[in-house]
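Keep in mind the model is a prediction, meaning the values are calculated, not measured. Note on naming: letters A, B, ... go to the chains in the order of the sequence lines (proteins, then strands), and numbering restarts at 1 for each one.
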Amino acid sequence: EPEVTQTPSHQVTQMGQEVILRCVPISNHLYFYWYRQILGQKVEFLVSFYNNEISEKSEIFDDQFSVERPDGSNFTLKIRSTKLEDSAMYFCASRQAVVNTEAFFGQGTRLTVV
Amino acid sequence: QKEVEQDPGPLSVPEGAIVSLNCTYSNSAFQYFMWYRQYSRKGPELLMYTYSSGNKEDGRFTAQVDKSSKYISLFIRDSQPSDSATYLCAMKEGGNQFYFGTGTSLTVIP
């Protein structure tokens, strides 16, 4: 069964450093998302991406964040200068376009900023 | 801004019990309703997907949507220890953003 894959599973970084979280969405999906979940809190929307551009973003997704689809398979989230409060599970998700369909999530990357 | 409300539990039931999980919401524009299951430190796994009001059944799982009351439910019949997880409701309008509840932690005791 096709699935969304994310790497790495766990990333530890020092405050102020840049991190790139990687995702390979399901191959025939066209909408891509990043969500995050701070420990004990809700899953929160960060950004959606379609046709090589951001289609929606939340207040959380400020200038420190960027997304890219550098090739036909990867979808990345970059945090330029990490803060302690960026520590969270980051989930990538994808869905097919054409009709409104459900989103499938990856297993997540646990980001720890120290 | 509390778009979606969900009782975090924890909920503990004996094996074989019927489990009822619920969410309420305030945005009447929500049209698409989902239930995800999340095991500890894992990604949300889609269980049920429903458009608009009505019931949907898949094996031991039944999802109900009552748009007039802004209330959705997930029922699990013959609950198993492997059902122990956090259950997240999620919903959206016609756009891209999914809005999640806080999740309900369920433990099924053998």
Side-chain angles (χ1 to χ4, degrees), chain A residues 1-7 9-10 21 23 25-26 29-51 53-61 67 88-97 99-112, chain B residues 1-10 21 23-27 29-53 56 58 61 63 65 67 72 74 85-105:
Chain A
E1 186 172 322
E3 59 180 12
V4 177
T5 57
Q6 289 185 243
T7 55
S9 57
H10 190 191
L21 310 182
C23 169
I26 295 172
H29 285 190
L30 298 177
Y31 279 98
F32 314 116
Y33 302 85
W34 284 101
Y35 282 80
R36 79 171 184 191
Q37 187 176 30
I38 296 170
L39 188 64
Q41 298 187 24
K42 284 187 182 186
V43 175
E44 299 174 291
F45 171 77
L46 293 178
V47 66
S48 62
F49 191 87
Y50 170 72
N51 198 26
E53 61 183 21
I54 292 173
S55 48
E56 277 184 71
K57 61 181 181 178
S58 72
E59 296 167 351
I60 303 167
F61 194 88
V67 290
M89 282 289 285
Y90 287 80
F91 295 109
C92 174
S94 70
R95 69 177 178 92
Q96 290 179 317
V99 294
N100 275 295
T101 55
E102 60 270 39
F104 293 87
F105 283 75
Q107 293 298 297
T109 293
R110 177 169 297 282
L111 176 65
T112 302
Chain B
Q1 186 182 11
K2 296 184 177 180
E3 297 264 11
V4 182
E5 297 279 352
Q6 185 176 8
D7 186 341
L21 304 166
C23 286
T24 59
Y25 62 94
S26 56
N27 184 354
F30 285 142
Q31 300 180 62
Y32 302 90
F33 305 92
M34 289 136 287
W35 285 96
Y36 287 86
R37 178 174 61 196
Q38 186 177 27
Y39 294 111
S40 180
R41 298 180 180 244
K42 299 291 186 183
E45 172 195 5
L46 181 68
L47 284 177
M48 302 287 284
Y49 173 78
T50 311
Y51 170 69
S52 195
S53 285
K56 186 174 183 179
D58 184 1
F61 298 90
V65 175
K67 289 190 71 180
I72 71 170
L74 177 71
T86 296
Y87 289 81
L88 305 168
C89 63
M91 48 198 79
K92 72 184 188 78
E93 303 174 30
N96 289 309
Q97 184 173 349
F98 291 71
Y99 294 85
F100 282 83
T102 52
T104 299
S105 175

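- With a 4.5 angstrom heavy-atom cutoff, A:Q37 touches chain B only via side-chain atoms.
- For the residue pair B:V4 and A:K42, the shortest heavy atom distance occurs at O-NZ, 2.9 Å.
- Ranked by heavy-atom pairs shorter than 4.5 Å toward chain B, the options A:Q6, A:R110, A:M89 are led by A:R110.
- Expressed to the nearest 0.5 Å, how far CD of B:Q38 lies from CZ of A:F91 amounts to 4.5 Å.
- Ranked by heavy-atom pairs shorter than 4.5 Å toward chain A, the options B:K42, B:Q97, B:M34 are led by B:Q97.
- Within a 6.0 Å sphere centred on NZ of A:K57, other residues, nucleotides and ligands contribute 12 heavy atoms or fewer.
- Side-chain rings of A:F105 and B:F100 approach one another, their centers coming within less than 6.0 Å.
- Remark: A:T109 engages no residue in a side-chain hydrogen bond (donor to acceptor under 3.5 Å, both in side chains) (not counting sequence neighbours).
- With a threshold of 4.5 angstrom between heavy atoms, B:Y51 does not approach chain A through any atom at all.
- Annotation for A:A103 and B:F98: closest pair CB-CZ, 3.6 Å, computed over non-hydrogen atoms.
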